[in-house]
**Q** 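For reference, the structure I am asking about is given below.
Note that the structure is a prediction, hence the values are computed from the model and not measured. Scope of the values below: all heavy atoms of this structure, side chains included, with no hydrogens, waters or symmetry mates. Letters go in sequence order (proteins before strands), and every chain restarts at 1.
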2 protein chains.
Amino acid sequence: MIKKQNATIYDVANKVGVSLATVSRVVNGNTNVRASTKEKVLAAIDELGYQPNAVARGLASKKTTTIGVVMPDVTNLYYSELTRGIDDVANMYHYDVLVTNTDDDPVREVMAINNLATKQVDGIIFMGNELDQRVLKAIESVGVPVVLAGSVDPAGQLPSVNIDYVAAMHQITSQLLDNGHEHVAVVLGDFEHAINQEYRFAGYKRALEEHGHEVNRDYLFTKAHNYQTALDVAPDVMKSGATGIVVYDDEVAIGILNYLQDHGAKIPADFEIVTSNDTNYSIVSRPQLSSIGQPKYDIGAVAMRMLTKLMDNIALTELAVTLPHTFIERQTTRKRQD
Amino acid sequence: MIKKQNATIYDVANKVGVSLATVSRVVNGNTNVRASTKEKVLAAIDELGYQPNAVARGLASKKTTTIGVVMPDVTNLYYSELTRGIDDVANMYHYDVLVTNTDDDPVREVMAINNLATKQVDGIIFMGNELDQRVLKAIESVGVPVVLAGSVDPAGQLPSVNIDYVAAMHQITSQLLDNGHEHVAVVLGDFEHAINQEYRFAGYKRALEEHGHEVNRDYLFTKAHNYQTALDVAPDVMKSGATGIVVYDDEVAIGILNYLQDHGAKIPADFEIVTSNDTNYSIVSRPQLSSIGQPKYDIGAVAMRMLTKLMDNIALTELAVTLPHTFIERQTTRKRQD
DNA sequence: GTGAAAGCGCTAACAG
DNA sequence: CTGTTAGCGCTTTCAC
C-alpha cells in the first residue's frame with residue numbers, strides 16, 4: 001500500500017494550462033466552459049487520476065454530502081431494515097451515511113448528534129424508542145435538518161415517517177377480540193415510552209373498550225425487549241389466563257411463541273399471537289407469526305427522501321408522514337372468514 | 001431549527017485575547033499552555049459553545065478520524081454483528097463509521113472503496129464473500145489501510161480476521177460422520193468463491209476422506225444464499241439420501257430445517273443438521289440449531305483494533321488473525337458422548 | 001468563457 | 001509558553 005500523493009485540482013489546471021476555476025467548473029458540471037477546453041480538462045483528469053478531495057470541498061462549500069444515522073442497534077432486524085432503505089436512497093442522492101449505535105441510551109444519542117454536528121453532516125435521520133427531552137434539545141439546536149424514522153414525536157413538531165401505531169394495534173386487538181377471546185394480553189416495551197403507552201397501548205385499549213371489555217393491567221406486560229427477556233416474561237403471560245396475545249416486537253413474539261409451545265401449548269388453538277414488525281423472525285418461526293405488515297424499507301427510504309428535500313431547502317408537504325400498514329395472516333392466528 | 005452561526009476558533013481566540021494557535025493547543029490537549037490561560041480559553045469555549053469543525057481539522061491535519069465499512073448488507077445478521085463489534089471499538093478510539101452496502105457486487109464494492117478514498121477516510125474495513133480482482137486492485141491503490149473482517153484473502157496479503165473455516169467445517173463434518181451417517185450433505189454459497197470452495201469445502205472433503213468416504217458432488221448444494229432460496233434447495237437435499245447436513249449460513253440452515261420438518265422429517269432423528277454462524281436464527285429455531293460458534297462481535301472488534309494500529313503506523317504482529325471457534329451443541333444433532 | 005483572489009476553519013512548523 | 005505564518009484543496013464571487 002503505497003501512499004500515493006493524490007493529484008490536486010491544481011495539478012490538472014497546470015497540466016491543461018487553465019485556472020483552478022475552470023477545472024472546478026468542469027468537475028462540478030458548470031456549463032460555462034467551452035466544449036474544447038472541457039475535453040482537455042477531462043482528459044487531464046483521467047490521465048492524472050484526479051479525484052476531488054471531498055474534505056476540502058466540504059470546507060469550501062459547507063456541504064459534506066454526508067448524513068448521520070442515529071439508531072439503537074444495527075443487529076436489530078427492524079432497525080437494520082429501515083437503515084437499508086435509508087442507505088439506498090442516500091446513495092441515490094450521492095450522500096454517504098455515518099452510522100452510530102446508541103442502544104437507546106439518551107446520553108449516547110445526544111453525544112451522537114453533537115458529534116455528527118462536529119463532522120458537519122448535512123442532515124440526520126434519528127431512530128429510537130423514545131424522544132428524550134435531552135435528545136429533543138440536541139435535535140433542535142444541531143443546526144441541520146433531522147427526520148425521525150420509525151420513531152415518534154408526540155408533540156408532532158419534527159418531520160417523521162411512521163405507520164399508524166394506534167390503528168395497527170387497534171386492528172389486531174380487535175381481530176383477536178372478534179375471535180371470542182375473553183382476555184387478550186398485550187406485550188410492550190418500556191411503558192414510560194410514548195410509543196408504547198400513548199400509541200400502542202392506546203390502540204389496544206380502544207379496541208377493548210369498543211368490545212365492552214375492561215382494561216386490566218394484569219394482561220399488560222412491559223418487561224420484554226428481546227428474545228431472552230421474552231422467555232423470562234413468557235411464563236407470566238402463559239399463566240395470566242389470556243388466550244390472545246398482541247406483541248410489539250418480533251424477537252419478543254418468537255420468544256413467547258417458543259416458550260408456549262415448549263410448554264405444551266398448541267398455537268393457534270390454545271393461543272393466538274400477533275406480532276408487529278414482520279421481520280424475518282416472523283417467517284422463520286414455526287408456526288409462522290401473523291403480523292402487522294410494516295413497510296420498513298420504505299419508512300427508511302421515505303425518511304431519507306424527506307431529508308434530501310429539507311437539505312435542499314424545499315418545503316415538506318407533510319411533516320409527519322404515515323405510511324400504510326397491513327395485516328399479514330400467517331399461522332399463529334386462526335383463519336378469518338371475512 | 002435556527003441555523004446558528006457556529007463560533008470558530010478565531011472567535012474564542014479573540015474573546016480571550018490569545019492567538020489561534022493557543023486555542024488550538026488547548027483544544028488538542030497540548031501541554032505547552034500555561035494553566036491560567038488554559039482556564040480562560042476553556043471558559044470562553046464553554047461560553048461560546050465552540051465546537052471544532054472536523055472538516056476543517058481534517059483538511060489541515062490530513063486525518064478525518066473517520067473509517068469506512070464496506071459490507072454486503074446491514075440486514076444480514078452475520079455481518080451486522082461484525083459491524084457492531086467494529087462500531088464499538090471505533091467509537092472507543094474516537095472514529096466515526098461510514099457504512100456502505102454492496103450486496104456482494106464487486107462493481108459496487110469498488111465504487112464504495114473509491115468513494116471512501118474521496119472522503120479521505122483514515123482506513124477501511126472490508127467484508128464480503130469474495131475478494132474479486134477488481135476489488136483487490138482498488139484496495140491496493142486506495143492509499144489507506146484496509147483490513148478484512150470475516151472475509152478471506154486466499155493470497156494472504158491483506159490484514160484479516162477470521163476463524164479457521166477449514167478446521168471448523170472439518171470438525172462438524174467429522175462429528176456427523178462419527179455418528180454413522182453414510183451420506184453427509186454440504187450446503188454452501190457460490191462455489192466460485194474461494195471461501196466456499198477452498199476453505200469450507202476443503203474442510204468437508206478432508207473429513208470425508210479421513211473417514212474413508214468418497215466425495216460425491218451429489219451431496220454438494222451451492223444455490224442457497226438466504227431463507228427463500230434455501231426453501232428452493234431443500235427438496236433436493238431431502239431427496240439426496242443424505243441424513244447429515246452441514247450448512248454454511250444460518251438463514252439457509254433454518255430454511256432447510258423448516259422445510260424438512262414441514263415435510264414430516266424428525267430432527268435430529270431423521271436428519272442431523274449443523275450450521276455455521278451461531279446467529280439469533282440458530283437460537284429461535286425449533287429445534288435450536290447446533291452450530292459452529294463464531295466470535296462474530298470479536299471478529300469485528302479485533303479487525304477494527306488492527307485498523308487503528310495500521311492507521312497509527314504501528315506494525316501488526318500478525319497479518320492474518322485467526323480467532324478460535326467452538327462447537328455449540330443444541331438440538332439438531334444427537335447428544336454426543338465425549 | 002475564463003482567471004484572480006479571497007476565503008472555508010483549522011493544524012503545524014517555526015520563531016521568539 | 002505563545003504568536004506568526006503558511007498552507008490543506010477546493011468553491012465562489014467578481015472582474016474581464
**Q** Looking at dG9(D), I'd like to know if its phosphate oxygens (OP1 or OP2) sit under 4.0 Å from a side-chain N or O belonging to Lys62(B).
**A** yes
**Q** Within the structure shown, what part of the strands sits under 4.0 Å from Val55(B) by heavy-atom distance: base, sugar-phosphate, or nothing?
**A** nothing
**Q** For Lys119(B) and dG9(D), give me the distance from atom NZ to atom C1', rounded to whole Å.
**A** 15 Å
**Q** Check this one for me: any side-chain N or O of Thr37(A) less than 4.0 Å away from OP1 or OP2 of dG1(C)?
**A** no
**Q** Under 3.5 Å, is there a donor-acceptor pair linking the side chains of Asp88(A) and Tyr297(A)?
**A**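 There is such a pair between these side chains.
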**Q** Expressed in angstrom and rounded to an integer, what is the separation of Asn14(B) atom CG from dG3(D) atom P?
**A** 12 Å
**Q** Would you call Asp103(B)-Arg84(A) a salt bridge at under 4.0 Å N-O?
**A** yes
**Q** Which whole-number value in Å describes the distance from Glu39(B) CD to dC1(D) P?
**A**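 Nearest whole value for this atom pair: 14 Å.
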**Q** Please identify which of these residues, Leu148(A), Asp153(A), Leu158(A), Val147(A), meets the side-chain contact (heavy atoms from CB on, under 4.5 Å) condition with Phe126(A).
**A** Leu148(A)
**Q** Flag the pair Lys62(A) and Asp122(A) as a salt bridge only when some basic side-chain nitrogen lies within less than 4.0 angstrom of an acidic carboxylate oxygen.
**A**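 Looking at Asp122(A) together with Lys62(A), the answer is no, because their closest N to O distance does not fall below 4.0 Å.
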**Q** Please tell me if the side chains of Asn28(B) and Arg25(B) come closer than 4.5 Å, counting only heavy atoms from C-beta onward.
**A** no
**Q** In whole Å, I'd like the distance from the CD atom of Gln120(A) to the P atom of dG9(C).
**A**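 Going from CD in Gln120(A) over to P in dG9(C) covers 9 Å.
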**Q** Distance-only, no hydrogens or angles: does the Thr308(A) side chain make a donor-acceptor pair with backbone N or O of Met306(A) under 3.5 Å?
**A** no
**Q** What I'd like to find out is whether the side chain of Asn114(B) reaches to under 4.5 Å of the side chain of Val142(B), using heavy atoms alone.
**A** no
**Q** For the side chain of Glu109(A) and the backbone of Val70(A), is there at least one donor-acceptor N/O pair under 3.5 Å apart?
**A**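 Here the side-chain-to-backbone pair does not exist.
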**Q** For the side chain of Leu59(B), counting heavy atoms from C-beta on, which of dG3(D), dC8(D), dT2(C) is nearest?
**A** dC8(D)
**Q** Under a 3.5 Å threshold, yes or no: a donor from one side chain and an acceptor from the other, between Thr65(A) and Lys119(B)?
**A** yes
**Q** Using a cut-off of strictly less than 4.0 Å, decide whether Ser19(B) has a side-chain nitrogen or oxygen near OP1 or OP2 of dT2(D).
**A**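 No, outside the criterion.
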**Q** Write down the distance between CG (Asn32(A)) and C1' (dG3(C)), rounded to a whole number of angstrom.
**A**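 The answer, rounded to whole Å, is 13 Å.
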**Q** At what angle, to 10 degrees, do the two end axes of the helix from dG1(C)-dC16(D) to dG16(C)-dC1(D) meet, given five pairs define each axis?
**A** 30°
**Q** What string of B, S and - do you get for nucleotides 10-16 of chain C 5' to 3' if you count protein non-hydrogen atoms under 4.0 Å?
**A** BSBB---
